[in-house]
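Chain letters run A, B, ... following the sequence lines, proteins first and then strands; every chain starts at 1.
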Amino acid sequence: MPGGSREQGLARQRRDVPVVAFRDVTKVYDGGSVGLEKVSLEIGRGEFVFLVGPTGCGKSTCVRLLMKEIDADAGEILISGHELSTMPRKKVPKLRRNVGVVFQDFKLLPNRTVYDNVAYSLQVIGESRESIRRKVPDILRLVGLSTKLHNYPDQLSGGEQQRVSIARAFVNHPPLLIADEPTGNLDPETSIGIMQLIYRINRTGTTVVVATHDREMVDKMRRRVIELREGRLMRDQTGGMYSEEESTVEFAARLRKELGIGSDAHREHRDHASPLITP
Amino acid sequence: MRIGFFLREAFRALSRSAAPSLAAMLTILITALVLGVFIPVVQATTGTANEVRSRVVVDVYVKDGASDADKAALRARIEQLPNVGSLQYISKDQALAQMKKKNAQAFALLGSNPLPDSFRITPRDPGGVNAIADSLRTNPPAALDDVRNRRRDTDRILSATGLVKLVTAGLAALFLIASIALVANTIRLSIFARRREVEVMRLVGATNWFIRWPFVIEGMLVGLMGGTLAVLLLLIGKETFVDPLAHRFALLAAPSTISFTLLAVLLLVACVAVSAIGSGVTLRRFLRV
């Protein structure tokens, strides 16, 4: 890559300020159930992190805290050095524009087409018509849906719907992308496609946090894993066995092999025919 | 671009939740009609009442055969009273002349003049008419024969106009509350119908006001439509019923009332304001971002 050393230097500098930092964060819901208890962690720029644990372990609490949908009861949460608990209400929208979020249930608007779903999210943050016209086809090409612009969500498969919601979350290229159970509703083969897409987004330099309870997938992907149990941090380890240079195609192929699926020719063929761009 | 977006969203929402919007619109329409009818009516009645009030006088009758000094003392006593607007001395002869004008035959039969000298007091504030009479009755001067004011008449007129005002105000207040509640409900349903959109807007970081404006505009459109319909109905009513009556019969003294243009503008502003308040109430409660 030309000029790579300088860019790497900048990247290393930015890495000093973690994209996400939790310091002794505690959240107790009304009624006394504990969401998080004294959780401390840091996620650096460009990292790919899994947040795992059984239902009720605090994964979704983390996601909601990061969006400032709820506030922590104690401790600090910093996003790119900005403290969330002291952040005035007025700045919350700005925060959310810099944090893309993908949900298990997609949260698409059923009465709008794929194109309009993505365009709507740009409209409501006041983007100009021109930039919407430029950005939306681009991002839909990136997620591999350029042929389904005018379909409605209920005409799409679950995997395709999730791609739309990823497109919506990433259309503004936020520095942080959070996915809360992105493959929870999908079959394993489709899940790999979604993970591949998220991995590709990560390769563009975006920090990615994926909350999931799919332990198998997590183990096979060999990325950093943060495990929560009953609101407490149980494990934070980096699966050091992966190389950062792994391309998305290699990544998907390895996942398929390790999960023991997608070996039949039909699926291989479909994967190669898909209009994915590999970085 | 933005305004266009807001309006588009508002109209989309209106057409989707037509029934509650219609209910809210009808209530606003009725409110505006009630206000539009009663404002001129109250103005007319108060105008008439004020005219009657200004005619309220206190008559002070002088004893027959009172000396000039006593009369002068009585005059001085009256002039000292607060709230005396004007004071008119009516002598026996003047009084008789006035009465003869009204009913010449009856007075022609009388050989002598039975009427006393009198002072006619027009109070500055009609409401204080009883105080004047009372203060003269306590410790009456030597020349004072009797004090008369039309206490019962004035009391009745004053309480009647007061009642009309009170009832109208109460009615208007009730309708206003109903309008606000119905607009609030409409907007609440609309928020519910569009909760996915709202969720997405919050998710991608739309500002609070960007999320709220379509709902506020939706509410104000409901108000504007109700108000416009009410103004149209009032205009029709005025053209077909009131105007011909006024022309043909020249009703009463036609006390001055609010001009129709001003009334229309006021009603429209009130309708839009009421529905904006209704939307605002709901947004505060159900759309915390």
Close side-chain approach of B:Val200 and A:Arg168, heavy atoms under 4.5 Å: yes
Give the minimum heavy-atom separation between A:Pro93 and B:Thr207, together with the two atoms involved. CG-CA, 3.8 Å
Heavy atom to heavy atom, less than 4.5 Å: which residues from residues 179-196 of chain B reach chain A? B:Arg194, B:Arg196
A:Tyr120 and B:Glu9: which non-hydrogen atoms are nearest, and at how many Å? OH-OE1, 3.9 Å
For the student: nearest non-hydrogen atoms of A:Arg96 and B:Arg202, plus distance: CD-O, 3.0 Å
Does A:Asp116 have any salt bridge (Lys or Arg N to Asp or Glu O under 4.0 Å) partners at least two apart in sequence or in another chain, and if so, which? none
Determine the option with the most heavy-atom pairs under 4.5 angstrom with chain B, choosing from A:Ala169, A:Pro174, A:Gly126. A:Gly126
Top residue by heavy-atom pair count (under 4.5 Å) with chain B, among A:Ile125, A:Val99, A:Val124, A:Val101? A:Val124
How close do A:Gln123 and B:Phe210 get, heavy atom to heavy atom, and via which atoms? O-CZ, 3.4 Å
Contacts of A:Lys107 meeting salt bridge (Lys or Arg N to Asp or Glu O under 4.0 Å) (sequence neighbours excluded), chain-then-number -> A:Asp105, B:Glu199
What's the separation between atom CG in A:Leu109 and atom CE in B:Met201, rounded to the nearest 0.5 Å? 9.0 Å
Checking heavy atoms, do the side chain of A:Leu95, its backbone, both or neither come under 4.5 Å from chain B? neither
Is there side-chain contact between B:Leu203 and A:Glu69, with at least one heavy-atom pair below 4.5 Å? no
Hey, can you pull the donor-acceptor pairs under 3.5 Å for the side chains in residues 72-81 of chain A, sequence neighbours left out?
{"residue": "A:Asp73", "atom": "OD2", "partner": "A:Val28", "partner atom": "N", "Å": "2.6"}
{"residue": "A:Glu76", "atom": "OE1", "partner": "A:Arg23", "partner atom": "NH1", "Å": "3.3"}

